[in-house]
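Data first, discussion second: the structure below is written as structure tokens.
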Amino acid sequence: MFADLIRRLTAPEPERLPDPDARLALAALLVRIARTDGEYSDVEIDRIDRVLAQRHGMSPFEAAALRRDAEQVESEAPDTVRFTRAIKEAVDFDDRMQVIEALWDIVLADGVRDEEENALLRLVAPMLGLNDRDSNLARQRVEARRG
């Protein structure tokens with residue numbers, strides 16, 4: 001099941017993904033950012049579950065199930081560059097704007113802006129078709145919500 005999603009994402013010309021697959025691909029990107037610093041903490045896992053539940057109108061159980069599937073997809077996905085570029089081609093722009101905000105939410109979940117996570121976000125934003133300003137504004141919105 002996941003191999004087919006990864007194959008479609010990494011095809012030379014990826015097609016638009018149906019909603020369930022797009023959700024899974026974007027969730028896998030959230031998992032990837034959380035794992036970047038080598039610590040995949042309970043706080044980050046909880047934040048991913050909450051982001052998924054809010055974003056997709058899911059119950060906590062459904063969000064946790066999606067995250068577990070995303071963990072497997074992330075572990076099998078190609079390098080971040082190919083994976084993120086594939087998501088850009090397969091997911092609508094508005095969803096990509098929301099996902100950069102969700103990525104910042106995960107980066108800031110443990111209260112530490114790790115340099116590896118910052119570097120990955122600087123790499124990922126342009127590959128999603130977003131500029132530094134969009135990414136910085138997304139970070140500021142997340143920080144403002146956190147108070």
Side-chain angles (χ1 to χ4, degrees), residues 1-110 114 116-131 134-146:
M1 172 178 144
F2 300 133
D4 180 56
L5 172 62
I6 292 169
R7 180 191 53 74
R8 285 183 290 137
L9 275 172
T10 57
E13 293 185 32
E15 57 192 52
R16 290 252 180 241
L17 295 175
D19 190 52
D21 289 346
R23 286 180 183 188
L24 183 57
L26 294 172
L29 191 56
L30 295 176
V31 169
R32 181 151 293 179
I33 196 80
R35 288 179 170 170
T36 297
D37 63 359
E39 292 184 34
Y40 188 47
S41 70
D42 289 341
V43 171
E44 291 169 318
I45 290 168
D46 181 58
R47 178 66 61 184
I48 291 170
D49 289 355
R50 282 193 273 155
V51 164
L52 295 174
Q54 289 173 343
R55 202 175 141 79
H56 303 300
M58 300 176 149
S59 71
F61 176 78
E62 292 168 321
L66 177 58
R67 186 227 342 119
R68 284 190 299 275
D69 288 346
E71 290 168 346
Q72 185 173 347
V73 168
E74 188 279 332
S75 69
E76 297 173 13
D79 64 88
T80 301
V81 173
R82 287 178 51 211
F83 187 50
T84 306
R85 283 187 180 150
I87 289 172
K88 175 187 174 195
E89 298 302 319
V91 178
D92 290 332
F93 180 79
D94 289 340
D95 286 335
R96 289 182 272 134
M97 285 293 294
Q98 292 175 8
V99 88
I100 199 75
E101 196 166 313
L103 288 167
W104 274 113
D105 202 10
I106 303 310
V107 165
L108 299 171
D110 58 7
D114 183 87
E116 292 167 334
E117 293 169 328
N118 280 333
L120 184 59
L121 260 242
R122 283 192 303 272
L123 175 73
V124 165
M127 284 187 271
L128 287 173
L130 306 169
N131 60 38
D134 292 331
S135 180
N136 286 331
L137 289 172
R139 177 185 47 79
Q140 290 171 4
R141 285 190 297 274
V142 170
E143 290 173 335
R145 279 197 306 267
R146 291 172 168 268

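Looking at residues two or more places apart in sequence or on another chain, you find no salt bridge (Lys or Arg N to Asp or Glu O under 4.0 Å) involving Asp114. Under the side chain to side chain contact (heavy atoms under 4.5 Å, CB included) criterion, Ala34 pairs with Tyr40, Glu44, Ile48, Ile106, not counting sequence neighbours. Under the side chain to side chain contact (heavy atoms under 4.5 Å, CB included) criterion, Asp21 pairs with Leu5, Arg8, Leu17, Pro18, not counting sequence neighbours. Not counting sequence neighbours, Gln54 has no partner by the side chain to side chain donor-acceptor pair (under 3.5 Å) test. Residues passing the side chain to side chain donor-acceptor pair (under 3.5 Å) test with Asp46, sequence neighbours excluded: Arg50. Residues passing the side chain to side chain donor-acceptor pair (under 3.5 Å) test with Gln72, sequence neighbours excluded: Glu76. Under the side chain to side chain contact (heavy atoms under 4.5 Å, CB included) criterion, Asp94 pairs with no residue at all, not counting sequence neighbours. Taking Arg68 as the reference, nothing meets the salt bridge (Lys or Arg N to Asp or Glu O under 4.0 Å) condition, with sequence neighbours excluded. Applying the side chain to side chain donor-acceptor pair (under 3.5 Å) rule to Glu143 yields the partners Arg139; only residues at least two apart in sequence or on another chain are considered. For Glu117, there are no salt bridge (Lys or Arg N to Asp or Glu O under 4.0 Å) partners at least two apart in sequence or on another chain. Residues forming a salt bridge (Lys or Arg N to Asp or Glu O under 4.0 Å) with Asp49 (at least two apart in sequence, or on another chain): Arg67. With sequence neighbours excluded, the residues satisfying side chain to side chain contact (heavy atoms under 4.5 Å, CB included) with Arg145 are Glu101, Arg141, Val142.
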